[in-house]
Amino acid sequence: MSAGNFFPFLNKRIFEHSKKQALMDYDFLQIEKKWQDIWSTKKTFKADNLSDKPKYYILDMFPYPSGAGLHVGHPLGYIGSDIIARFKRHLGFNVLHPQGYDSFGLPAEQYAIQTGQHPSKTTTTNINRYRQQLDRMGFSFDWDREVRTSEPNYYKWTQWIFLKLFDSYYDIEADKAVPVSELILRFKKEGNINVQAYCDKDTPVFSALEWNTFNHEKQQKILLFYRLTYLSETQVNWCPALGTVLANDEIVNGVSERGGYAVTKKRMRQWSMRISAYANRLLLGLDELDWSDSLKEMQRNWIGKSTGASIYFEVENHPEKLEVFTTRPDTIFGVTYMTLAPEHELVSKITNTEQQKAVSDYIALVAQKSDRDRQADAKLISGVFTGAHALHPFTGEPIPIWIGEYVLASYGTGAVMAVPCGDQRDFDFATHFRLPIVNIFDGVDISEGAFTDKGRVKLMNSDFLNGLDYKAALDRVISALESKNSGKGAVNFRLRDAIFSRQRYWGEPIPIYFKGDIPIPLKEEHLPLELPRVEKYLPTEEGMPPLGNAKIWAWDEINEEVVSNDRIDQQFVFPLELNTMPGWAGSSWYFNRYMDAQNQKEWVAPKAMKYWREVDFYMGGSEHATGHLLYSRFWQKVLFDLGYVRTEEYAKKLVNQGMILGNSAFVYRKKGTQTYLSKGIITEHEVEPIRVDVSLVNTHDELNLEGLKNWQKDFQNAEFVLENGKYIVGREVEKMSKSKYNVVNPDEICDTYGADTLRIYEMFLGPIQQDKPWNTAGISGVHNFLKKLWRLFYQKDQWLVNDEVPSPESLKILHQVIKKINDDIERLSFNTCVSTFMIGVNELTALKCSNRAILEPLLILLSPFAPHFCEELWQQLGYTESIEFEPFPVFDPSMVQETIKEYPVSFNGKMRFTIKLSLDMSVEEIKEAIMREQRTLDQIDGATTKKIIVIHGKIINIVF
RNA sequence: GCUCGGAUGGUGGAAUUGGUAGACACGUUGGACUUAAAAUCCAAUGACCAUUGCGGUCGUGCGGGUUCAAGUCCCGCUCCGAGUACCA
């Protein structure tokens, strides 16, 4: 059999390879430059929107181009996705693998505030640097589809989507977003009495007649209560240091995620997105997603669905009703007091004169606290009595109403019915203020604390619920509440509507102008509404957002253009919105734009949308779990409802790459001296560790003292105490960051070892999903592997590749590699792929195998990992076409099978007899063989053979 | 507190469905080549005992269990990481 029969693709090769241009050594710098240039000029990775091939859309989370450039941690995910992209091309897919930049953001703006340099300039500089670094690593991106969220031709469509949201409301009956025009038609016909939609809780009820008598302004105000993006007076997270509001996911531990500044509460008129309308669909949609469990769990917790009941309590001597949400309506007879959030709107209405002062003092005290203080004080119990009483819905008994900090205005109704025997916080509050505690759990001791377990306990002291367990009581009490009209079963979500206004310059302008209070959207044909030039990037002296500094920033309704401030008092000239959109706006739909990135007329042509549909594989960090990954699902669902996209989830498969951590180096200074001790001799001294640049330390943790003295002047006069003539540093794994001097630059690795070595090494470090520290020391093993493989092609100026028929041993090695690589890429186990290659090459080297029929398929297998290396040798083998589109080698089991004739058979670990068997024998045949050896099956328990365990040619067990 | 991960040699990690634990690589030690160095190649490398050859015992955070067989499955803990939190 000739090699050509095993590998049909070998037939088209050109046999005469050119020995003249042969490279003798593995000159990675020259090779990588050469192929990067070829790929770029030939546009090798350009994806076609019209193709007969099946499509495969593989997406990376696009980066924010920061000023620091890339470190070795950033490309990890890109390398993984690039391997899959190249693998899928070998399998015959039309692969879309785009890249772009999430280029609006705070750092460029803060740099502008400090230096006056326009953020677009900073951004362009940073993008160019990123591009250079990305290009060096040989990614197979289709750069013709690049997007930048800060470019007008991109944010034009972000603004367009904003207008779509503005022009939609959520119809609960249809369970989807519907254009507002249909809502207006219904209002005209029947008012809003029967309209079921997600809307503001203060929406008035009106008839068709009333609607038609409302003036335009009133109608618009009502419509704002329904729109999916709406303007409202809300309590926001205000960050004074950044001068802007923040969304919940932009706050970590009570301080701003960026900068770590204090955050307080403030009431402001803000744009919001009605994401809460989609809470249930966002939750249900998770079940269909092939995302990691932890990520889905994070989103579930963030959405925070809880089931229970709404209960309305009458307030003694007041017309208002007090609504609470509870997950434990079954404990209604254990209620001994009520607690409202200090901000609750009823507080001012129901507080009696006696308690007036105490209540207002308490509210003032709470209001001045920052989120962080509030969190820090979480364990302190505080509260005050309002003097008012609620009435128990069943017994009619008065229940004192308190206010307390532990009740949050933003969750549920901002009010709770307190059941001290069934909730630990209520118990603590009751104990602290000596409020009564009633036990309603039969046979449970609650003297030490609340009983929160829902299971296996019967109620007592609970009137008609006595003797019932949790589940039965729940059903009973809800129907009782409903029949009395004092409550109903209810579901509550933790997810809040997303605040969409930012008091920033460097973001998408919101395409809205104002006539008085009424927001008016710009027409589609007037987009993009471009960012104006400003002189200062800070808020104005009147406290308006930075756009207030613009010379030109108003809308002329007659000429339909942006006009200058001087004309603002003219008729039909109206102020434009001065807030901009948040960082997540541009990233919430970019994956759709890649499908048709250069389209000037549409956001995406329907044809392109029909072909690409959705992302097949999304790679990115799990830090976006409750930000980008939630908002983008929300927008996709809106766009789906409105018919602009074809799938409700844009990325069914998502993989989170881990973070590559830095390996910081420390020197140890003896307290109060200029003496630095080597790591091994610090034990008996008091020392303080000081970070030093990791590039000054070699692979054995030895510090380059001369380099250190040049690095920072402080060390020039220092004294160093060595061990064995060397200064050994300490190590600690932490996040890679410039300030920790532990950043490793991929450019340096590319200079020393090449991009292919870097790519393989990053994969070899460990499972792609796992966090792991960077350690440059291990890279030599991977580099040696490439050099070793190179030597199968060249040795001592000799081209070794021959056309001889490969030996069975070498074919076996090849096919073992083919099998493992196919399997392991499929399950994203790139680190074991690398090991497989190393084993294969070691074995082939031992066999001195340089057969073309072995090496060619091997190159194809390796090319997703080391593309430059493989392209170069592929060309030297005589091919003129890129290796990229060669069919991936297919595993042939007959190449690796071996039949062993004689097996020692043991049972329960003890050898019993020897038997002649072949591995492909059926169970029946094996039974016969055992009989032939004059052993009855009874001797081994008399059962039926199901499984023969063979390890290294030895039967160790027969399982029955 | 709750939710989700994780724990394997000196180090990173492998073991896909329960089937020779430690693949592969780094590091270390010894050797070959060399005037020397670099590069390359070879050998050893979980621990302990025996090393005169075979070899033997223990070993995947801890304690139990299931199984002919457990890193893998079940029960109970310890520690580490991530997310989230007065969420009613």
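Lettering of chains follows the sequences in order, A, B, ..., and the numbering in each one begins at 1.
Residue A:N301 has no polar side-chain atom (N or O) positioned under 4.0 Å from OP1 or OP2 of B:C2. The side chain of A:Q770 contributes no N or O atom lying less than 4.0 Å from OP1 or OP2 of B:G12. The shortest distance between the side-chain N/O atoms of A:N663 and the OP1/OP2 oxygens of B:G12 is not below 4.0 Å. Dashed line: the shortest gap from a side-chain N or O of A:K787 to OP1 or OP2 of B:U40 is under 4.0 Å. Side-chain N/O atoms of A:R494 include one lying less than 4.0 angstrom from OP1 or OP2 on B:A85.
Within 4.0 Å (heavy atoms only), A:L408 reaches at least one base atom of the nucleic acid. Backbone-only engagement by A:R791 is indicated by non-hydrogen atom pairs under 4.0 Å involving sugar-phosphate atoms exclusively. If you check every strand for non-hydrogen atoms under 4.0 Å, A:V419 touches nothing. Heavy atoms of A:S294 sit under 4.0 angstrom from primed sugar atoms or phosphate atoms, though from no base atom. Among the protein residues, A:L380 comes within range of the nucleic acid bases, having at least one heavy atom under 4.0 Å from a base atom. A:D428 comes within 4.0 angstrom of no nucleic acid atom, judged by non-hydrogen atoms across all strands. Within 4.0 Å of A:N831, counting heavy atoms only, lie sugar-phosphate atoms of the nucleic acid but no base atom. Within 4.0 Å of A:P767, counting heavy atoms only, lie sugar-phosphate atoms of the nucleic acid but no base atom.
Counting to the nearest Å, the C1' atom of B:A82 and the CE atom of A:M659 are 10 Å from each other. Rounded to whole Å, atom C1' of B:C87 lies 18 Å from atom CZ of A:R300. Distance CG (A:D423) to P (B:C2): 15 Å, rounded to an integer number of Å. When the P atom of B:A14 is taken as reference, atom NZ of A:K820 falls 11 Å away, rounded to whole Å. Between A:K296 atom NZ and B:U84 atom P there is a gap of 19 Å when expressed in whole angstrom units. B:A82 atom C1' lies 9 Å from atom CG of A:D771, rounded to whole Å.
Looking at the side chain of A:F764, the nearest of the listed nucleotides B:U16, B:A23, B:A25 is B:A25. Listed candidates were B:C26, B:U16, B:A15. Nearest to the side chain of A:A777 is B:C26. For A:I839, counting side-chain heavy atoms from C-beta on, the closest listed nucleotide (B:G13, B:C86, B:C24) is B:C24. In the set B:C86, B:C4, B:C24, the nucleotide with an atom closest to the side chain of A:Y406 is B:C86. Relative to the side chain of A:E297, the nucleotides B:C24, B:C4, B:U16 differ in distance, and B:C4 lies closest. The side chain of A:T832 sits closest to B:A14 out of B:A39, B:A14, B:C24.
Of the residues in residues 778-785 of chain A, those lying under 4.0 Å from RNA chain B by heavy-atom distance are A:G778, A:S780, A:G781, A:N784.
Not less than 6.0 angstrom separates the ring centroid of A:Y761 from the ring centroid of A:Y753. Taking the six-membered ring where the residue is Trp, the centroids of A:Y337 and A:F429 are separated by under 6.0 Å.
Every residue two or more places apart in sequence or in another chain that forms a side chain to side chain contact (heavy atoms under 4.5 Å, CB included) with A:T626 is listed here: A:D249, A:W302.
With its glycosidic angle within 90° of 0, B:G9 is assigned syn.
Searching all strands for a Watson-Crick or G-U wobble partner of B:A36 with both distances below 3.5 Å returns nothing. Nucleotide B:C2 is matched to B:G83 when pairs are restricted to Watson-Crick or G-U wobble geometry with both distances under 3.5 angstrom. Base pairing of B:G27 is made with B:U45, judged by Watson-Crick or G-U wobble geometry with both donor-acceptor distances under 3.5 Å. Using N1 to N3 plus N6-O4 or O6-N4 for Watson-Crick, or N1-O2 and O6-N3 for G-U wobble, each under 3.5 Å, B:A14 pairs with nothing. Base pairing of B:G59: no nucleotide in any strand meets the Watson-Crick or G-U wobble criterion (both distances under 3.5 Å). Nucleotide B:C68: paired with B:G19 (Watson-Crick or G-U wobble, both distances less than 3.5 Å). Remark: B:G53 base-pairs with no nucleotide; criterion is Watson-Crick or G-U wobble with both hydrogen-bond distances under 3.5 Å. When both distances must be under 3.5 Å, the Watson-Crick or G-U wobble mate of B:U78 is B:A7.
Here the CD1 atom belonging to A:I760 is positioned 6.0 Å from the CG atom belonging to A:D756, to the nearest 0.5 angstrom.
Seen from the ring of A:F891, A:K819 counts as a face-on cation partner, given the 6.0 Å and 45° thresholds.
If you find the closest nucleotide of RNA chain B to A:M298 and to A:N492, the one lying nearer the 5' end belongs to A:M298. If A:K772 and A:Y411 are placed on RNA chain B by their nearest nucleotide, the residue sitting closer to the 5' end is A:K772.
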Before giving the answer on ring pair (Phe, Tyr, Trp, His ring centres under 6.0 Å), spell out for A:Y26 and A:F869 the whole-Å C-alpha distance, their side-chain angles and the decisive distance to 0.1 Å. CA-CA 9 Å; A:Y26 172 37; A:F869 180 97; 5.1 Å; yes

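Heavy-atom contacts from other residues, nucleotides or ligands closer than 6.0 Å to NZ of A:K653 number more than 12.
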